[in-house]
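Encoded as structure tokens, the structure appears first; notes follow it.
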Protein chains: 2
Amino acid sequence: MLERKPSLTDQAKSYIKQRIVNDEFEGGRIPSETVLANELGVSRTTIRDALSRLENEGTVYRRQGSGTYVNNPGLQIKTRLEEIWSYESVLRDHGYTPSTRILTVRTSAADETQAENLRIEVGEEIVTVEKLFLEDQDPVILAVNQVPRKLLSVPFVESDWHQPIYEFLWRHGQQRLGYYLSEIVPVIVDRKIGSALGVDVGQPLISFSEIGFSEENEPILMACSYIRDDLLRLRLIRRRT
Amino acid sequence: MLERKPSLTDQAKSYIKQRIVNDEFEGGRIPSETVLANELGVSRTTIRDALSRLENEGTVYRRQGSGTYVNNPGLQIKTRLEEIWSYESVLRDHGYTPSTRILTVRTSAADETQAENLRIEVGEEIVTVEKLFLEDQDPVILAVNQVPRKLLSVPFVESDWHQPIYEFLWRHGQQRLGYYLSEIVPVIVDRKIGSALGVDVGQPLISFSEIGFSEENEPILMACSYIRDDLLRLRLIRRRT
DNA sequence: TAGTGGTCTAGACCACAAA
DNA sequence: TTGTGGTCTAGACCACTAG
């Protein structure tokens, strides 16, 4: 029935998600875990893992004793905050065909904040890149990335920064980006941001101030992103824990 | 060894978390799943569930073939966005002893937006409450809650709104709040918000615009919250999915 | 009472990291 | 090679919902 690799759980999840998207379930009611397990020829545990993940993503909800159901409000969310990994794919999820533009690439000496965040010495070289994500010709996101120069062992040219940052870090620094620790900061658009994003000076804007950690749990990236929330709505689901 | 209820997984999670907080693990290295399972007298699956949840919360990270480790950056986060359930407890997590102040309670007729979001008819009565969360005498959060009047079957007085909203909805409407669907919106402080929160007009601010759903998946609450991010930093962890 | 999801077990095999 | 976490199974029992 199913092959291993990708994992049975992943396949089960995709299978169920696809049927949800196709609206194949009468009244939003998803078959019982036992039925799904038999249908796919896997154990109930595997199905439960798949459903748990769909529940966490807000795709379904479960009621003990009753059943598992499609969660329509959750389906309408295009961008879930915790799941943003690259802005390119966020824009694609919104039905856009994004492009990127490199505004500047420069090298400078780390100040105290940067040194502390990136666990390097004050004065060490830092490469700063300003990158714009556009839908058609409309700028949607301005990202300012800062990477310690010493991590970038493989030579690069300006156009290399067009690739997603995690890919760039892997190819030019053998660094695997593991997760971001993000802080949400409200800002007022100044002239620089305004001209880059094409919004009026004085407007309020959401920004992410974040540190990217490698899979080895070392900070390898500082980033600050400014988002045109009129073009990209940021949503999340909050639950009791 | 352990009793059931609360679940073995919950207990295992608390047990491990406690030992992490007490810094009992040499070099941040957590014992292997097998060792923990024997130690607590439960199956490895139970331990794995507990560790998975700690990993999702950013408390630990796992490396196949290597081991499970304490995630120090994650431990420093006091407020994780997806885990906000009541503002009271958020403030308590920050070491504050919060109080609340009810600014206004009024009833009005639902406009089109409200009617659509709450799945009621235009013109139906809506109760709107403005509530302030303070640390000492400093206002930190202004919340504007809107609830359909017809849900509130049990009589209430103004001071009843001091309790957390999920508790109020349960006591006065037999509604169990299940989750929020939130949108993050940047705003400029106007005179009303400024005077309530004690910040200057014209400053940028983060606001949550959200709909609360019952466990039966019906919208039962609209809310808009304004947060003084200088007093309350909003953070989250973003991972690859 | 029948059927659903929630919890838990014991054990198997795999992929990967470190010695 | 050894030990770790990752995946999966088959089956047990419980708690809850709904007819």
Side-chain angles (χ1 to χ4, degrees), chain A residues 1-16 25-56 59-71 174 176 178 214-217 239-240, chain B residues 1-16 25-56 59-71 176 178 214-217 239-241:
Chain A
M1 171 80 63
L2 297 179
E3 309 245 332
R4 304 203 164 188
K5 295 286 255 185
S7 76
L8 297 182
T9 303
D10 284 340
Q11 294 177 69
K13 187 188 154 201
S14 304
Y15 170 84
I16 298 165
F25 298 125
E26 193 93 14
R29 189 191 174 98
I30 289 167
S32 78
E33 298 175 346
T34 314
V35 169
L36 286 171
N38 292 335
E39 198 169 312
L40 294 181
V42 299
S43 76
R44 191 184 147 212
T45 310
T46 302
I47 295 295
R48 275 189 67 73
D49 283 349
L51 287 174
S52 295
R53 285 161 55 189
L54 289 172
E55 186 177 34
N56 275 327
T59 306
V60 306
Y61 62 97
R62 304 199 265 192
R63 292 286 158 262
Q64 179 172 124
S66 173
T68 303
Y69 306 87
V70 176
N71 187 18
Q174 273 74 53
R176 288 178 300 184
S214 69
E215 293 198 343
E216 290 70 37
N217 225 37
R239 307 177 177 286
R240 187 163 15 195
Chain B
M1 170 83 59
L2 297 179
E3 310 246 332
R4 305 208 159 183
K5 293 293 253 186
S7 76
L8 297 181
T9 303
D10 284 339
Q11 295 178 67
K13 187 188 153 200
S14 305
Y15 171 83
I16 299 165
F25 299 124
E26 192 96 13
R29 190 193 173 94
I30 289 166
S32 77
E33 299 175 347
T34 314
V35 169
L36 286 172
N38 291 336
E39 197 170 312
L40 294 181
V42 300
S43 76
R44 191 182 150 215
T45 310
T46 302
I47 296 294
R48 276 189 66 73
D49 282 350
L51 288 174
S52 295
R53 284 163 54 189
L54 289 172
E55 187 178 35
N56 275 328
T59 305
V60 306
Y61 63 96
R62 304 199 266 191
R63 292 283 159 263
Q64 178 171 119
S66 172
T68 303
Y69 305 87
V70 176
N71 187 19
R176 288 179 298 183
S214 69
E215 293 199 342
E216 290 70 36
N217 224 37
R239 303 176 180 286
R240 188 162 13 195
T241 50

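The shown structure was predicted, so the numbers you read here are calculated from the model rather than taken from an experiment. Note that these values count all heavy atoms, side chains included, but never hydrogens, waters or copies made by symmetry. Protein chains get the first letters and strands the later ones, always in sequence-line order, with residue 1 at the start of each.
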Contacts under 3.5 Å, N or O only, protein and nucleotides 10-12 of chain C:
unit_1: C:dA10; atom_1: N6; unit_2: B:Thr45; atom_2: OG1; d: 3.4

(request) Would you please test B:Gln11 and B:Leu40 for side-chain contact (heavy atoms from CB on, under 4.5 Å) and show each step? (result) CA-CA 10 Å; B:Gln11 295 178 67; B:Leu40 294 181; over 6 Å; no
(request) Give the rounded distance in Å between these two atoms: CG of B:Asp49 and P of C:dT7. (result) 9 Å
(request) Search all heavy atoms of B:Ala12 against all heavy atoms of B:Ile47 and return the closest pair with its distance. (result) CB-CD1, 4.2 Å
(message) Which heavy atom of B:Phe25 sits nearest to which heavy atom of B:Ile30, and what is that distance?
(response) CD1-CG1, 3.8 Å
(message) Please report the distance, rounded to the nearest Å, between CG in A:Asn38 and P in D:dC8.
(response) 17 Å
(request) In whole angstrom, give the distance that lies between atom CG of A:Leu8 and atom P of D:dG6. (result) 17 Å
(message) Below 4.0 angstrom, which residues in residues 59-66 of chain A have at least one non-hydrogen atom near DNA chain D?
(response) A:Gln64, A:Gly65, A:Ser66
(request) Kindly say whether B:Glu215 contributes a backbone atom to a donor-acceptor pair with the side chain of A:Arg63 at under 3.5 angstrom? (result) yes
(request) Calculate, to the nearest 0.5 Å, the distance between atoms OG and CD belonging to A:Ser214 and A:Gln174 respectively. (result) 13.0 Å
(message) Just the rounded figure in Å: distance from C1' of C:dC8 to CZ of A:Arg48.
(response) 11 Å
(request) Using a 4.0 Å heavy-atom cut-off across all strands, classify A:Thr68 as base, sugar-phosphate, or nothing. (result) sugar-phosphate
(request) Ignoring the backbone of A:Ser32, work out which of D:dT4, C:dG5, D:dT9 is nearest its side chain. (result) C:dG5
(request) Indicate whether the side chain of B:Arg62 and that of B:Ser52 have a donor and an acceptor atom separated by less than 3.5 Å. (result) yes
(message) Whole angstroms only, please: what is the CD-P distance between A:Glu33 and C:dA2?
(response) 21 Å
(message) I need the A:Lys13 NZ to A:Asp49 CG distance, nearest 0.5 Å.
(response) 11.5 Å
(message) For a quick check of understanding: with a heavy-atom distance under 4.0 Å over all strands, which category does A:Thr34 fall into, base, sugar-phosphate or nothing?
(response) nothing
(request) Apply side-chain contact (heavy atoms from CB on, under 4.5 Å) to the pair A:Arg53 and A:Asp10, showing each step before the final yes or no. (result) CA-CA 10 Å; A:Arg53 285 161 55 189; A:Asp10 284 340; 2.7 Å; yes
(message) Measure CZ/A:Arg176 against P/C:dC16 and give the value in whole Å, please.
(response) 11 Å
(request) With rounding to the nearest 0.5 Å, note down the distance linking CG in A:Asn71 to CG in A:Leu54. (result) 11.0 Å
(request) Note the angle between the end axes of the helix from C:dT1-D:dA18 to C:dA18-D:dT1, five pairs defining each, rounded to 10 degrees. (result) 10°
(message) Rounding to an integer number of Å, can you tell me how far A:Leu51 CG sits from C:dT7 C1'?
(response) 16 Å
(message) As an exercise, state the distance from CG of A:Asn56 to CG of B:Asn56, rounded to the nearest 0.5 Å.
(response) 6.5 Å
(request) To the nearest 0.5 angstrom, please state how far the CG atom of B:Leu36 sits from the OG1 atom of B:Thr68. (result) 8.0 Å
(message) Could you tell me how far apart A:Ile47 (CD1) and C:dT4 (P) are, to the nearest whole angstrom?
(response) 14 Å
